[in-house]
Amino acid sequence: MKRYIVYILLIFSGFCVSCDEYLETKTYGEILPETTEDYASLIHTHLYNIEASTSDKILGNFNDVLRWECFSDNLNASLSKSVSNSYTPIYVGSYIGSAIYRFNNLFQVVRDANVVLDNVKEKDSELDKKITAVAYTLRAVLYYNMMRELCEPYEKQRATEIMGVPIVDHFDMEAKPGRGNIQETVDFIIEDLKRASL
């Protein structure tokens, strides 16, 4: 009888024990890709958005570019709506505040490019080389757009004095890069384009 009780206790204790992997959960966005195809899907998502024009993250849209150009070229224009029914641009400050959302979106794409570059660039397959080249090009385009929108115009004599864009060249959630000068940003863009062409 004792033997049956021991067997029943062993079977019951077997049901009470769980495995750690089953109970371990990962929240959305914390799981890194494992295969080359997973890394490629990070890049292909952004390329699809560019082709389908479903996202203004990377290249922007012509309305925003036109609006920013008008703001910078037409500073003597009326800064509020006119009394008549004719339309004039709304005060510039209402659009400047939205820039933080644009840069947040751009740095999310930079993050994805950095994840790919940190994990794929040392591999030798043809797909890995293509993904790496696209990631470098994508990051260079993003930094060019951010430099154009965020920084003063480039002047060779003052290039080390003009503030640039914070350089994020690898995936690190805890990094807090400072803003360098515009010459560092230009060099970073050129270096990425050279690496993409290799």
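Everything numeric here is computed off the predicted structure, so don't read it as measured data.
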Original post:
Which heavy atom in I131 sits nearest to a heavy atom in A40, and how many Å separate them?
Top reply: CD1-CB, 3.3 Å
**OP:** Over all heavy atoms of both residues, which pair between V115 and L42 is shortest? Give the atoms and the distance, please.
**Re:** CG1-CD1, 4.0 Å
Original post:
Nearest 0.5 Å, what's the CG-CG distance between D112 and L117?
Top reply: 11.0 Å
Original post:
To the nearest 0.5 Å, how far apart are CG in N181 and CD1 in I162?
Top reply: 9.0 Å
Subject >> Nearest heavy atoms of Y136 and A196, plus distance in Å >> reply: CB-CB, 3.8 Å
Original post:
Are the side chains of N105 and Q108 in touch, meaning some heavy atoms are under 4.5 Å apart?
Top reply: yes
Subject >> Residues E126, K130: salt bridge by 4.0 Å N-O rule >> reply: no
Original post:
Between Q183 and D187, does a side-chain hydrogen bond (donor to acceptor under 3.5 Å, both in side chains) hold up when you go through it step by step?
Top reply: CA-CA 6 Å; Q183 186 63 52; D187 292 341; 3.0 Å; yes
Subject >> Test item: D192 side-chain N/O and R139 main-chain N/O as donor-acceptor pair under 3.5 Å >> reply: no
**OP:** Keeping the roles fixed (side chain from R179, backbone from G164), state whether a donor-acceptor pair exists under 3.5 Å.
**Re:** yes
Subject >> Nearest-0.5 Å distance that lies between atom CD in E37 and atom NE2 in H44 >> reply: 9.5 Å
Subject >> N119 side chain vs Y39 backbone, donor-acceptor pair below 3.5 Å >> reply: no
Original post:
What do you reckon, is OH of Y144 surrounded by more than 12 foreign heavy atoms closer than 6.0 Å?
Top reply: no
Original post:
Can you tell if the side chain of M146 reaches within under 4.5 Å of the side chain of V110, non-hydrogen atoms only?
Top reply: yes
Original post:
To the nearest 0.5 Å, what is the distance between CD1 (I167) and CZ (F188)?
Top reply: 5.0 Å
Original post:
Do M163 and Y143 belong together in a cluster built from hydrophobic side chains that touch within less than 4.5 Å?
Top reply: no
Original post:
Nearest heavy-atom pair of I43 and A113: which atoms, and what distance?
Top reply: CD1-CA, 4.3 Å
**OP:** Identify the two heavy atoms, one from T185 and one from V165, that lie closest to each other, and give their separation to 0.1 Å.
**Re:** OG1-N, 3.1 Å
Original post:
What pair of heavy atoms forms the shortest contact from A159 to I182, and how long is it?
Top reply: O-CG2, 3.3 Å
